Chemist: 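Sharing a structure, written as structure tokens. Questions coming.
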There are 2 protein chains.
Amino acid sequence: MPASSIRARVRAEMIDEIKAVARRHLATDGANLSLRAVARDMGMVSSAIYRYFPSRDELLTALIIEAYDSLGDAVEAADADCERLDLRGRWHATCRAARDWALAHPAEYALLYGSPVPGYAAPDDTIGPAQRPPLTLVGILRDGLEAGRIDPPPGTEPAEPLRDDLADLAQAFFPSLTGALLARGMAGWTQLFGLISFELFGRLNRTLPHRDAYFDHQTALMADLIGLPPAE
Amino acid sequence: MPASSIRARVRAEMIDEIKAVARRHLATDGANLSLRAVARDMGMVSSAIYRYFPSRDELLTALIIEAYDSLGDAVEAADADCERLDLRGRWHATCRAARDWALAHPAEYALLYGSPVPGYAAPDDTIGPAQRPPLTLVGILRDGLEAGRIDPPPGTEPAEPLRDDLADLAQAFFPSLTGALLARGMAGWTQLFGLISFELFGRLNRTLPHRDAYFDHQTALMADLIGLPPAE
DNA sequence: TCAAAACCGAGAGCAGTGCTCTTGACGGAG
DNA sequence: CTCCGTCAAGAGCACTGCTCTCGGTTTTGA
């Protein structure tokens, strides 16, 4: 064990360094990072990288999982910093945390939520970390329902056959979640993703200089739609 | 003119054929299409392509503009097929048209609304065609306001400094558009983009088999948020 | 303890990419 | 008919992901 662990330790450090250099390249070169380039940066030969990652896609997968966890950490920490029953505060905090993380790590965000790489299929290892942000939003719904503090405004109700789909999916989260509320929560999650993507990918109108205020207002609209009570 | 135009005609046909082959490759290989591959498909040598497109990015730009116009045509046609005062019908028709187009041309949609290509900056030729879909939505707002048929539900109002930004931007569209309504319209547009992206990029939960119904319901929620009157 | 097994880095090599440059042939314009 | 512009072709450069082999080191197990 002591002798073998020194090799294993060096190997783990090597993997970490490769991932760190690759993450740095990702920030500048975008999704098309080159194994040879990271190998050059590390003073190695390209073929040596393959001792640690069997392919470029495997390296990308490792970076994707790390990015999902980094985003999940940020979102969950922001949510945990709020009063449990301050539903609207938690909603805004999680949304802002996701946006802040995306603005700080644009290339990683593009890797997670941008167009999928053509030949690349995300392995199952990624679906767990990928669900952490939306699950945080579901947690807000759960706490709000338990406290009886969620009142969605009147509006379109899901009809068949969607009603059963939503009800089944809602039951998989927690029993008191209705399909109608789940749909509104998913609308909020979709809006959050769209807001960040538009801002990050440059599709936001240039005549909106106060982007923080715009983001907060648009997420507030979705909080209204979900039925989160106004902050007192 | 007659003699020179035969040359120009052949050249124009060549450009069209290159774009057609490239679009075909785009559907299979995604964003990383190869000039050499399209040249091979046309029985040419790669360097010959450069007689018609100075770089791969120029070819991509041409495809992007064509795709924007194709999407714009579909959206505007769907909108024009509706009764002018059937605001909700127009909203659903345009949303469905955008989704149908995206599902029929996933690679082109990813090219337009996916993560930007790292070294590539969209030239100004693209911003005109790119604005056609959102401008169609603005047209629904304009007709609705002129007919006095839009009643947004109560909810968060934009505060300073966002209020002025939105008001200025709204004035640039048409005078009677308020900043608050514009923000709700932009939320609808953001939601539409997010819905399509989630479905296309495989982030939609697999337990929602009736995707058409889900899409219609979510866009109906946004119609409620905007204040489009219910269909009678 | 000492040989066998596993691991590792370096290098060559293959097939592919975008792009540049030169060469030679063809066709329209004066 | 001659010139000039346009064209396809080919060679070549620098780059990519990836495979394989060759030595050298480290770890393991008998």
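Computed from heavy atoms alone, side chains included, the values below leave out hydrogens, waters and symmetry copies. Here is how names work: the chains are called A, B, and so on, in the same order as the sequence lines, proteins then strands, and each is numbered from 1. In this text, all values refer to a predicted model and were calculated from it rather than measured experimentally.
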Chemist: Rounded to whole angstrom units, what separation is found between the CZ atom of A:Arg11 and the C1' atom of C:dG9?
Modeler: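 Atom-to-atom, A:Arg11 to C:dG9, this comes out as 13 Å.
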Chemist: Just compare C:dA10, C:dC8, D:dC7 and give me whichever is closest to any side-chain atom of A:Met44.
Modeler: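 For A:Met44, the side-chain atoms sit closest to C:dA10.
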Chemist: Quickly work out the B:Leu60 CG to C:dG18 P distance and round it to whole Å.
Modeler: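 The answer, rounded to whole Å, is 10 Å.
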Chemist: Let me know the distance between CG of A:Asn32 and P of D:dT16, rounded to the nearest Å.
Modeler: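 Distance, rounded to whole Å: 10 Å.
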Chemist: Send over the distance from A:Ile18 CD1 to D:dG17 P, rounded to a whole Å.
Modeler: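 Distance, rounded to whole Å: 13 Å.
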Chemist: How would you list, by chain and number, every residue that makes a salt bridge (charged side-chain N to carboxylate O under 4.0 Å, His left out) with A:Arg99, sequence neighbours excluded?
Modeler: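 For A:Arg99 the salt bridge (charged side-chain N to carboxylate O under 4.0 Å, His left out) partners, ignoring immediate neighbours, are A:Glu199, A:Asp212.
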Chemist: Could you pull out all residues at least two apart from B:Tyr109 that satisfy ring-ring contact (aromatic ring centres under 6.0 Å, His included)?
Modeler: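 If we apply the ring-ring contact (aromatic ring centres under 6.0 Å, His included) test to B:Tyr109, skipping adjacent residues, the hits are B:Tyr113.
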Chemist: Base, sugar-phosphate alone, or nothing: which one does B:Met42 contact when heavy atoms must sit under 4.0 Å apart?
Modeler: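 Touches nothing.
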Chemist: Return the value, rounded to whole Å, for the distance between atom CG of A:Leu59 and atom C1' of D:dG17.
Modeler: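 In whole Å, D:dG17 C1' lies 12 Å from A:Leu59 CG.
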Chemist: Between the protein and nucleotides 18-22 of chain D, which nitrogen or oxygen pairs are less than 3.5 angstrom apart?
Modeler:
from   : atom 1 : to      : atom 2 : distance (Å)
D:dC18 : OP2    : A:Tyr50 : OH     : 3.1
D:dC18 : OP2    : A:Arg56 : N      : 2.7
D:dC18 : N4     : A:Arg36 : NH1    : 3.4

Chemist: With sequence neighbours left out, what residues match A:Ala74 under side-chain contact (heavy atoms from CB on, under 4.5 Å)?
Modeler: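 In terms of side-chain contact (heavy atoms from CB on, under 4.5 Å), with neighbours along the sequence ignored, A:Ala74 is linked to A:Trp101.
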Chemist: C:dC8 P sits how many Å from A:Glu17 CD, rounded?
Modeler: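 Spelled out: CD on A:Glu17 to P on C:dC8 is 15 Å.
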Chemist: Does the A:Thr94 side chain pair with the main chain of A:Val75, one donor and one acceptor, at a distance under 3.5 Å?
Modeler: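 Not at all, since once roles are kept as given, no pair shorter than 3.5 Å links the two residues.
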Chemist: In whole angstrom, what separates B:Met14's CE from D:dC7's P?
Modeler: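 In whole Å, D:dC7 P lies 9 Å from B:Met14 CE.
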Chemist: For B:Ala130, what residues pass the side-chain contact (heavy atoms from CB on, under 4.5 Å) criterion, not counting sequence neighbours?
Modeler: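 Checked B:Ala130 against side-chain contact (heavy atoms from CB on, under 4.5 Å); matches are B:Tyr68.
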Chemist: With distance as the sole test, does B:Arg96 use its side chain to make a donor-acceptor pair with the main-chain N or O of B:Phe215 at under 3.5 Å?
Modeler: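 No; zero donor-acceptor contacts below 3.5 Å.
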Chemist: Using the side-chain contact (heavy atoms from CB on, under 4.5 Å) criterion, which residues pair with A:Asp168? Sequence neighbours excluded.
Modeler: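 With sequence neighbours excluded, A:Asp168 shows a side-chain contact (heavy atoms from CB on, under 4.5 Å) to no residue whatsoever.
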Chemist: Classify B:Phe53 by what it touches in the nucleic acid, base, sugar-phosphate, or nothing, heavy-atom distance under 4.0 Å.
Modeler: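 Nothing: the residue B:Phe53, judged by heavy atoms under 4.0 Å, touches no strand.
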Chemist: Between A:Ser34 and B:Ile49, who's closer to the 5' end of DNA chain D by nearest nucleotide?
Modeler: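 Between the two, 5'-proximity favours B:Ile49.
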Chemist: Please report, rounded to the nearest Å, how far the C1' atom of C:dT17 is from the CG atom of A:Asp29.
Modeler: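 Distance, rounded to whole Å: 16 Å.
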